[in-house]
Amino acid sequence: MQRISSSLSSSSSWTLQVSVTLSYLLLILLLLQLLPIATLAFSVGIQTTVDNVLVTDSTSRSIRSICSSSSGTNVMRRGASSIPTYSKVPTSRTTIQSSSRLFDSSSASSTTDLSMNSSTNYNHNHNSNNNNTRDLEKGEERKDVSNGKHHVLSLQDDDAKKRAYRQQTPHSGRHFLPSHPAYHFNSSTRSNETKKGTLRQRISKFKQQSKNLILSKLPISRRHAYRNKHKRFMEGWYYRITLPEENVSFAFIFSIEDPNYKKTKKSHGNLLSLAAVQVMGPNDEYVVQADKDHSKFWASDTQQAFGCTFESSSASSSSASSSSSSSSLHPVIDPEHFHTTVHTGFQMLPTRLQGKVNGHDGSLGGVLKGQGIPRTCEFDMTIRPLSGWGNDQDDNQKSTAGWLASFSVFEPHWQITLADARATGYATWNGKRYDFKNVPFYAEKNWGGAFPSKWYWVQCNSFEGFTCPEGSCRLSLTAGGGIRKIPFGKTEELGMVCVHLNGVFYEAVPWTGEMEWNVDPWGSWSFSAKCTSGERLFEVEVMAKCEEEGVVLRAPTPDLGLAYFCRDSFYANVELSLYEIDWDKDQRKYVRGNAILDKVKSIARTGAVEIGGGPYWNPWKGKSKMKEPLKTLVKLPYMLQK
């Protein structure tokens with residue numbers, strides 16, 4: 001017995017040592033985020049030196065603005081706001097700047113995917129006489145070679161004080177290593193002055209990020225999850241609009257797989273590399289278009305802006321014939337000239353979504369050209385954000401998966417970038433045009449090796465009595481969960497239910513409380529959750545029912561690439577209840593209090609539901625079980641709020 005007791009004691013001690021070691025490792029990762037603070041003073045000194053050099057060097061030059069100011073003014077919910085302005089950049093490959101210079105900003109928080117404006121504010125410089133302009137602030141030289149037909153633009157920073165939100169939603173920028181020719185920049189062609197400008201730009205960005213770490217409640221890293229060119233990687237963006245009066249919804253799904261991928265003996269090489277768009281429309285039908293040439297896909301590093309030109313229009317192609325072969329692969333296109341420049345493709349700017357899809361029926365055949373029955377879709381809309389992910393009044397928007405999502409800890413990653421917004425524009429589906437104004441809009445993104453092996457999802461922001469066009473009375477629900485990977489080859493089953501009610505965020509996640517789900521193979525989704533940590537305590541219940549069969553969609557998979565892997569429908573009825581909870585000393589547990597929302601229903605059949613992966617032979621019942629020490633680390637900011 002003594003030996004057994006000694007053995008058990010030794011085993012327990014070894015387990016404790018392993019747990020402590022893992023905790024230390026994760027704490028070290030956290031401390032690495034605070035490293036820039038220690039060098040803030042040093043960076044300020046260098047910045048001053050560089051400023052002096054640049055000012056001296058530029059005194060003999062006349063500085064001209066490359067962007068015209070906006071002529072229109074919009075009154076916003078929190079004052080005037082303007083979206084990032086745009087300026088023309090050359091289409092010649094020798095003068096297109098690298099990604100860090102084409103889209104970089106002086107601050108990670110100075111550009112946002114939550115800017116609010118209309119299409120009238122998309123301005124560019126029409127002064128054809130200014131063929132050689134220099135942006136000293138960004139330290140880069142641009143030559144205007146546009147002939148009026150080839151409209152290529154560069155994203156500029158916006159005034160942070162005029163934005164609707166003070167900080168963009170975390171992880172809204174790209175995470176992949178791009179292969180678009182716009183990112184291929186020959187450093188030997190750069191002048192000394194350009195190099196100085198780049199140094200100033202990088203130091204300025206580093207300085208601002210260091211300040212953000214000091215001022216913010218929680219340091220949110222802008223580092224990317226993907227740096228390994230030999231590892232499978234995908235990144236996808238999902239946008240949904242709901243037209244309650246027509247009982248029609250559209251989902252625009254864009255993805256890039258294995259960009260800049262290097263072939264090895266153990267890898268798939270470029271076999272799974274793909275740039276694709278899937279559009280789900282009326283009657284749960286969908287169209288798909290894809291291209292194996294992933295270099296046609298571009299994306300911003302600091303904001304939610306990306307696009308892909310599958311094929312340029314004949315006018316645009318002829319105007320660019322004198323340029324290099326890569327010039328037809330546009331990085332950013334003037335929204336006002338998108339439809340004349342692009343024959344097929346898409347583009348997402350912070351508040352503008354456009355596309356011309358000439359593909360085929362996604363439910364049949366493959367994804368490449370000529371592999372199915374032809375189908376078309378065209379869309380153009382402006383977006384007015386209302387809620388990101390968090391309270392509207394918060395300084396920082398939240399990471400959907402917690403602050404550890406800044407690291408390559410979880411697989412895959414998930415971020416809701418717009419829980420609620422309003423869209424105005426049109427969508428043409430196989431020849432039928434739908435015009436809409438101030439309809440519900442929702443946005444999210446995923447990135448990582450592939451989608452989870454099994455998951456579920458429910459979304460709705462079209463509830464009865466909560467679809468005011470101006471957004472004064474609004475309600476949005478996002479619920480989802482699944483099996484995700486964590487370090488050391490482990491997995492965990494998690495779920496969450498989150499609600500945005502008139503700008504107030506109710507977050508029931510595994511690290512703030514508990515959540516249970518009961519999901520049928522198809523037709524029924526039931527969730528119940530409690531939040532027992534943080535600034536507000538509550539209980540939430542969700543019931544979703546769908547009588548339609550839905551449609552089988554494609555999703556990124558580890559071995560097959562973009563393959564049939566999930567089932568979706570936009571014709572679900574959703575019921576939502578939200579209650580306050582209080583601690584009962586006698587019962588020693590939380591008990592339900594006043595009702596905040598009592599069985600609020602979605603507008604008839606406008607909820608979105610999904611199941612993915614599998615197998616789904618039987619109902620899936622589960623309870624969130626987040627493993628330690630990850631749970632404690634992610635929960636730390638909520639513990640500090642108490």
Side-chain angles (χ1 to χ4, degrees), residues 149-152 180 236-241 248-257 273-299 306-321 325-349 352-381 425-436 551-555 561-564:
K149 296 182 180 180
H150 211 177
H151 300 272
V152 183
H180 191 285
W237 296 261
Y238 179 98
Y239 302 97
R240 182 191 178 213
I241 59 171
V248 167
S249 292
F250 290 89
F252 309 96
I253 310 167
F254 312 103
S255 60
I256 179 73
E257 295 188 61
S273 296
L274 195 72
V277 53
Q278 300 179 81
V279 182
M280 188 174 168
N283 302 316
D284 283 343
E285 298 175 352
Y286 95 102
V287 59
V288 61
Q289 184 176 4
D291 199 311
K292 296 290 291 183
D293 186 0
H294 52 82
S295 66
K296 295 180 179 180
F297 194 103
W298 63 268
F306 59 87
C308 177
T309 301
F310 293 121
E311 184 180 350
S312 299
S313 64
S314 57
S316 176
S317 299
S318 60
S319 68
S321 59
S325 60
S326 64
S327 64
S328 62
L329 301 176
H330 309 304
V332 190
I333 300 172
D334 184 343
E336 302 307 320
H337 300 279
F338 176 86
H339 294 280
T340 57
T341 304
V342 176
H343 178 62
T344 59
F346 55 85
Q347 177 173 272
M348 173 65 189
L349 298 178
R352 187 76 174 264
L353 177 60
Q354 298 171 290
K356 298 172 70 176
V357 181
N358 187 8
H360 55 270
D361 186 345
S363 61
L364 303 170
V367 298
L368 300 179
K369 187 175 181 180
Q371 295 183 347
I373 302 174
R375 294 286 186 270
T376 61
C377 178
E378 184 174 326
F379 48 91
D380 192 341
M381 67 195 74
Y426 75 89
T428 302
W429 183 258
N430 294 323
K432 183 177 180 179
R433 180 177 172 119
Y434 296 85
D435 292 289
F436 49 86
V551 62
V552 178
L553 291 177
R554 292 175 172 87
L562 194 64
Y564 292 116

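For clarity, every value in this text was computed on a predicted model and none was experimentally measured.
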Asker: Could you grab the distance from atom OG1 of Thr344 to atom NZ of Lys369, nearest 0.5 Å is fine?
Answerer: 7.5 Å
Asker: For Cys377 and Trp429, work out which heavy atoms get closest and say how close.
Answerer: SG-CE3, 3.8 Å
Asker: From Tyr426 OH over to Tyr434 OH, what is the distance, rounded to the nearest 0.5 angstrom?
Answerer: 15.0 Å
Asker: Do any N or O atoms from the side chain of Ser313 and from the backbone of Thr341 form a donor-acceptor pair under 3.5 angstrom?
Answerer: yes
Asker: Heavy atoms only: give me the nearest Tyr286-Ser363 pair and the separation to one decimal.
Answerer: CE2-N, 3.7 Å
Asker: Between the side chain of Asn283 and the main-chain N/O of Glu285, is any donor-acceptor distance below 3.5 Å?
Answerer: no
Asker: Specify whether Trp237 and Phe297 have parallel, tilted or perpendicular ring planes, treating 30° as the upper limit for parallel and 60° as the lower limit for perpendicular.
Answerer: parallel
Asker: Would you call the rings of Phe379 and Phe252 parallel, tilted or perpendicular if under 30° counts as parallel and over 60° as perpendicular?
Answerer: tilted
Asker: Just so I know, are the side chains of Thr428 and Arg433 near enough to count as touching, which here means a heavy-atom distance under 4.5 Å?
Answerer: yes
Asker: Is the backbone of Ile333 close enough, under 3.5 Å, to the side chain of Gln347 for a donor and an acceptor to pair up by distance?
Answerer: yes
Asker: Looking at every non-hydrogen atom in both residues, tell me the closest pair between Arg375 and Asp361 and how far apart they are.
Answerer: CG-N, 3.5 Å
Asker: Where the side chain of His360 meets the backbone of Gly366, is there a donor-acceptor pair that is under 3.5 Å apart?
Answerer: yes
Asker: Looking only at non-hydrogen atoms, find the nearest pair between Ala427 and Phe436 and report the distance.
Answerer: N-CE2, 3.7 Å
Asker: Does a side-chain N-to-carboxylate-O contact under 4.0 Å join Lys356 and Glu311?
Answerer: no
Asker: With a 4.5 Å heavy-atom cut-off, do Leu274 and Lys292 have their side chains touching?
Answerer: yes
Asker: For Cys308, is there any backbone N or O sitting under 3.5 Å from a side-chain donor or acceptor partner on Lys296?
Answerer: no
Asker: Evaluate the side chain to side chain contact (heavy atoms under 4.5 Å, CB included) criterion for residues Gln278 and Leu562: first the C-alpha distance (whole Å), next the side-chain angles of each, then the deciding distance (0.1 Å), finally the verdict.
Answerer: CA-CA 11 Å; Gln278 300 179 81; Leu562 194 64; 4.0 Å; yes
Asker: Quick one: does Glu378's side chain get under 4.5 Å of His339's, heavy atoms only?
Answerer: yes
Asker: Please name the pair of heavy atoms, one in Gly362 and one in Tyr564, separated by the smallest distance, quoted to 0.1 Å.
Answerer: O-OH, 2.8 Å
Asker: Considering all heavy atoms of both residues, which atom of Leu349 and which atom of Pro335 are nearest to each other, and what is their separation?
Answerer: CD1-CG, 3.5 Å
Asker: Using side-chain heavy atoms (C-beta onward) and a distance below 4.5 Å, is Arg352 in contact with Asp380?
Answerer: yes
Asker: Using side-chain heavy atoms (C-beta onward) and a distance below 4.5 Å, is Phe346 in contact with Met348?
Answerer: no
Asker: Do the non-hydrogen side-chain atoms of Ile241 and Leu353 ever get within less than 4.5 Å of each other?
Answerer: no
Asker: Find out whether Val279 and Gln289 are in side-chain contact, i.e. whether some heavy atom of one side chain is under 4.5 Å from a heavy atom of the other.
Answerer: no
